[in-house]
Q: 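The structure is given below, and queries will be raised subsequently.
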Amino acid sequence: SAGQVLAAAGWAAILFAPWLPIALLTAVTVAPGLCSATFIIIWPLSKETVPARLAGTITGVLNMGNMSGVTVLQPAVGWVLDRRWDGAVSAGVRTYGLEAYHAGFGLMMGWIVLGLLLFCLTRETHCRPLD
């Protein structure tokens, strides 16, 4: 989906272009959030690619996958940040270097790329159910 490609491009800009002016970086950080909303297209696509009797099952699997991403990525980013922590503390709070954030948030981009690869493995039904 074009939205997922744009979301991945936004994450790539955030991760690999730290020299961007703050105004442009702020605008770029909005892109992954807005463009990631295109994942919603997967529900009608999935219902068209399985027999009608499995429509409820595929919806449940997709919901599980959607929630798994959120459940796994939040602690995973924190775990990666902690592994790359150099011991710096400011006002009693851990601070992390740019490299740590690149590694942690790289997981987000990886998740989007995985979704794109899986999307590429689906077949187009042209809005016709499988049955």
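All values below come from the heavy atoms of this structure, side chains included, with hydrogens, waters and symmetry mates left out. In this chain, residues are counted from 1 in sequence order.
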Q: Is there a path of hydrophobic side-chain contacts, each under 4.5 Å between heavy atoms of I, L, V, M, F, W or Y residues, that connects Leu45 with Leu116?
A: no
Q: Atom CG in Leu114, atom CG in Leu107: separation rounded to 0.5 Å?
A: 12.0 Å
Q: Listing request: all ring pair (Phe, Tyr, Trp, His ring centres under 6.0 Å) pairs with a residue in residues 43-84, at least two apart in sequence or in separate chains.
A: Phe39-Trp43
Q: Do you know which two heavy atoms are closest between Lys47 and Ala55, and how far apart they sit?
A: CE-CB, 3.9 Å
Q: Apart from Val93 itself, what residues make up its hydrophobic cluster, given side-chain heavy atom links below 4.5 Å?
A: none
Q: Can you name the closest pair of heavy atoms from Leu6 and Cys35 and give their distance?
A: CB-SG, 3.6 Å
Q: For the hydrophobic clusters of this structure (ILVMFWY residues joined by side-chain heavy atoms under 4.5 Å, transitively), does one cluster hold both Leu54 and Ile42?
A: yes
Q: For Ala100 and Arg84, work out which heavy atoms get closest and say how close.
A: CB-CB, 3.7 Å
Q: Going only through I, L, V, M, F, W and Y residues with side-chain contacts under 4.5 Å, is there a path from Val50 to Phe119?
A: yes
Q: Enter the distance from Ser46:OG to Ile41:CD1 here, rounded to the nearest 0.5 Å.
A: 12.0 Å
Q: Could you check whether Tyr96 and Asp86, counting side-chain N and O atoms only, form a donor-acceptor pair closer than 3.5 Å?
A: no
Q: Mind checking whether Thr95 and Val89 have side chains closer than 4.5 Å, heavy atoms only?
A: no
Q: Please report the shortest heavy-atom distance between Val28 and Ala13, naming the atom on each side.
A: CG1-CB, 3.6 Å
Q: For the residue pair Ile14 and Phe105, establish whether any side-chain heavy-atom pair is separated by less than 4.5 Å.
A: no
Q: Is the ring pair His102/Phe16 parallel, tilted or perpendicular, if the boundaries are 30 and 60 degrees?
A: tilted
Q: I would like to know whether Asp82 and Arg94 meet side-chain contact (heavy atoms from CB on, under 4.5 Å); could you show each step before the answer?
A: CA-CA 9 Å; Asp82 285 344; Arg94 287 182 177 193; 3.0 Å; yes
Q: Hey, any chance Ile58 and Leu118 share a hydrophobic cluster, counting ILVMFWY side chains that come within less than 4.5 Å of each other, even indirectly?
A: no
Q: Side-chain heavy atoms nearer than 4.5 Å, only ILVMFWY residues, links allowed to pass through others: does that put Tyr101 and Ile112 together?
A: yes
Q: What pair of heavy atoms forms the shortest contact from Pro32 to Trp11, and how long is it?
A: CB-NE1, 3.4 Å
Q: Side-chain contact, heavy-atom cut-off 4.5 Å: Leu62 with Thr59?
A: no
